[in-house]
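The figures that follow rest on heavy atoms only: side chains count, while hydrogens, waters and symmetry mates do not. Keep in mind that what you see is a predicted model, and the values were worked out from it rather than measured. Each chain gets a letter, A, B and so on, in the order the sequences are listed, and its residues count up from 1.
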Amino acid sequence: MNLAVRDIRHNVGRFALTTVGIGLLLMIVMGMGGIYRGLIYEATLLVDQVGADLWVVQGSTRGPFAEVSRIPANLEDRVRAVPGVAGARRFVSHTIQREHRGQPLRMVVQGLSWPEDKGDWVSLVAGRALRQAHYELIADRSLGLPLGEKVKLGKDTYEVVGLTRGMVGSGGDGLAFFTVSDAMAVQFDVPGEATRLERAARLVRLENLDLGRVTPLLSERVVGPANELPALAPPLVSAVLVTLQDGADPARVAATLATWPDVTIYSTQQQKDLLLSGMVDKARRQLGLFRVLLIIISAIIMALILYTLTLDKIHDIALLKLIGARNGVIIGLILQQALLMGVLGYGLAWWLGQYAFPRFPRLVVIETPDLLMLGGIVLAISMLASLLGIWKAMSVEPNKVLAA
Amino acid sequence: MNTAENHTPAIVAENLTKVYGSGNTEVVAMKDVSLRVARGEVIALLGPSGAGKSTLLTAIGLINPPTSGRIHIGGELVLDADQAKVDLRQFRRRHLGFVFQKANLIPFLSAVENVQVALEINDASPRAARIRAMELLDYLGVADRANNLPDALSGGQQQRVAVARALANEPSLILADEPTAALDSHRGRQVMELFSKVAHERGAAVLVVTHDHRSLDVFDKTYEMEDGELRPSQPSETDT
Ligand SMILES: Nc1ncnc2c1ncn2[C@@H]1O[C@H](COP(=O)(O)OP(=O)(O)OP(=O)(O)O)[C@@H](O)[C@H]1O
Ligand SMILES: [Mg+2]
C-alpha cells in the first residue's frame, strides 16, 4: 500500500496546483537552456555554412563577428597567389535596420562573392538562387518577406527570389543574401547631397595642394565617381574567405598568410570559438543565472508545499510512529511525494515545451544531454526540498497523538 | 509457547515515577507505581481526572518514558527510567496494541487500509495484510464500511476500526485509554467484552483506563489511581 499516493489523492488540488507551477517554472528553465543552445547554433550557423577553411581578417582584430574588420577587397587576389589556396572570396556581412511597408525590418546583409558564389549552397525552401549580378536577394523566412516582394534599400530596389529557413545571424536577425557589390551598396549607400559635398571637398583639398595647381586636369577627375580615382582606396570588405586545395596543409597556409603584417588569420574553429567566447558568453551567463535562480525558486516552492503537506499530517505521522512504523516508512512517504512532484513537473515542462518552444521568438534547441542533466537536477532539488518536511516528521514525538 | 513463558507476567512495572516540568511548574504525575499484569488478564484502571492514569498507560506503552523505575514486558526489561533497552518502535510494532479515546485513524486511508497499514509496517505482504484486515473488520462488524474513509464513519464505527488496528499484529499487550468514551453504553460494553475475549482466547494482557463503572464486571482486576498513586480498588466499587 502506497501511503504517499493515498495522501496525494486526499490533497489532490493542492498537489496538482503546485506541480503545475513547478512544471511551468521547469519549462522556462528548459526553454532558457534551449535558447542558449539555439544561440550557439545560430551564432555558428553562418560560419559553418559558408564553409571556408581559413578566415583572413583585419590585422590584430578578432574578425567581423567580434568587432569591425576592414580589409581591402583586392586582398583576395593576394591570397589566391599563396600556394595551397584553391580559392578566395570576399566576405561582407553587416546588420541593418530599415523600414519596409511601415514596419522596422532588421536583417543581416550577407554578401555572396558573385559570380563564383550564387548562393547555391544556401538551402532554399522556395524560389531559386541568385541569377543576376544586381537587385536580387535570398531572404530568410523569419524576415517575413514573401517571394517576389520588392524591397527598397538605399537608392535601389531588390526582389526576393529565394527563401531559406533558420538562417539567422548571431543576434537572431534573419539573413538576406545579396551579391557582394549589392551588399556593399546597401552598406555604403550615401545620399546624393553627401556625394556632392564630398566631391566639392575633394576639389578644395586638391586646389590647396601644389599638385592640383600644376595639373588642372586632375580637378575634373576628383569631381567624378570615386572609382575613377586611382589614389583612393579600393572598397573595403569584412574578411576574405580562403578555400584550400585538396591535400593542402591548413597550418602551413595559415603560417604563410600569418607572416603578412596587415592581416590576421583564423581557422573556422577559431572563428567559432571567438564568437562563442564573445557575445554568446554573456548571454550564456545571463541565461545561466536565470536558470539557477528559477531552480532555486522551484526548490523553495517545493520545500514549502511539502512542508505544509507534512505539517497537515503530522498527527498521522506521530500515530505511525506510535504504532511502530520505521523511519523509512515516514521518510519514504515524504520523499516519494517530493519525487513524484518533481517527476510530474518535469514531464509537464517537457510536454508544454513541445507546444511553447516553437512559439518562442528565439530558436530553442533542446538536446538530450541537457534534458538528462535537468532531470538529474530536478531529482536533486526534489530530495533537497523534502528535507524540511522530513526533519519536521522526524522530530515529532509519538505521544503527540494524544495531545490533540 | 512453553509453560515457563506462560508464567512470566505480561507486564512488570517497578517503582515508576513521572515528573513533568521542573521548578515551580513541576508536576509529579506518577509516584512510585508498581504493577504486575499476568498474561490473559484484563485490568481496569480507574481514577479521577489528572490522577496520572494516562501517564501510567503511556509509560507502559513506551511512548512516554518514566522519570525513574523499570518496565519489563513479556519478561524482558524494555525501559530503565528513560533508557530504552530494546528498539522501542520495533517493540511497539510487534507486541503492543493501542486504542485511545479518539479513534486516531489516518484520514486519507480507508477503514480497511487503516488496519492494513499496521500489518504492513510489521512486514506483512500487502495481500496477506489486506485479507487479515478484512477479517478483523468483519470480526468487529464494520466490514461493510471497509472502503470508506474515516470521515464517512460514525464515531463508534471509527473506534471499532481502531480496535481492529490494535488487534492486527496479535499484540501480547493491549493498552486502551478511555476507548469507550465516544461510544454508547451498549457499544462500549461490546468493546470491553471484545478485549476480554481477546485476552482469554489469545493470552494477551489488557490494560484499560475507563470511567465507565457499568462494564467493570468484564475485568479480572480493577486498580484505582489517585494523585499519581496506584492501589487495588475496593471490591464494593467493582460491584456497582
Ligand atoms: N505533557 C505534560 N506536561 C506537564 N504536565 C502533564 C503532562 N501530561 C500530563 N500532565 C499532568 O500530569 C498529571 C496526570 O495527567 P494524566 O493525563 O496522566 O491524567 P489522567 O488520569 O489521564 O486524567 P484524565 O482522566 O483527565 O485523562 C496531570 O496533573 C497533568 O496535568
Ligand atoms: Mg487521561
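- Here the side chains of Val401(A) and Phe98(B) are not in contact, with every heavy-atom distance at 4.5 Å or above.
- Interface remark: Arg130(B) contributes no atoms to any contact with chain A (heavy atom separation under 4.5 Å).
- Between the NE2 atom in His10(A) and the CG atom in Leu149(B) there is a gap of 5.5 Å [rounded to 0.5 Å].
- Remark: Met373(A) CE is loosely packed, at most 12 non-hydrogen atoms of other residues, nucleotides or ligands lying under 6.0 Å away.
- The shortest distance between side-chain heavy atoms of Ile106(B) and Lys313(A) does not fall below 4.5 Å.
- Residue Pro171(B): no heavy atom, backbone or side chain, is found under 4.5 Å from chain A.
- More than 12 heavy-atom neighbours from other residues, nucleotides or ligands sit within 6.0 angstrom of NZ on Lys272(A).
- Without hydrogens or angle criteria, Gln116(B) side chain to Met1(A) main chain gives no donor-acceptor distance under 3.5 Å.
- When the shell of 6.0 Å around OH of Tyr41(A) is examined, it contains 12 or fewer heavy atoms from other residues, nucleotides or ligands.
- Of the listed residues (Asn11(A), Asp7(A), Leu3(A)), the one with the most heavy-atom contacts under 4.5 Å to chain B is Asp7(A).
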Run Lys321(A) and Ile63(B) through side chain to side chain contact (heavy atoms under 4.5 Å, CB included) and show every step you take.
CA-CA 9 Å; Lys321(A) 286 187 173 183; Ile63(B) 52 178; over 6 Å; no

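- Only the side chain of Ile330(A) comes within less than 4.5 Å of a heavy atom in chain B; its backbone stays farther off.
- The two atoms that bring Gly324(A) and Ile121(B) nearest to each other are C-CD1, 3.9 Å, heavy atoms only.
- The contact between Asn327(A) and chain B is made by backbone and side chain atoms together, counting heavy-atom distances below 4.5 Å.
- With a 4.5 angstrom heavy-atom cutoff, Ile323(A) touches chain B via backbone and side-chain atoms both.
- Heavy atoms of Glu113(B) lying under 4.5 Å from chain A belong to its backbone as well as its side chain.
- Counting heavy-atom pairs under 4.5 Å between each of Val117(B), Leu96(B), Leu88(B) and chain A puts Val117(B) at the top.
- At least one donor-acceptor pair under 3.5 Å links the side chain of Arg92(B) to the backbone N or O of Leu322(A).
- Heavy-atom contacts from other residues, nucleotides or ligands closer than 6.0 Å to CZ of Phe360(A) number more than 12.
- For the side-chain hydrogen bond (donor to acceptor under 3.5 Å, both in side chains) with Arg326(A), the qualifying choice from Asp123(B), Asn122(B), Asp87(B) is Asp123(B), the only one to do so.
- Under a cut-off of 6.0 angstrom, the local environment of CZ in Arg14(A) is crowded, with over 12 non-hydrogen atoms contributed by other residues, nucleotides or ligands.
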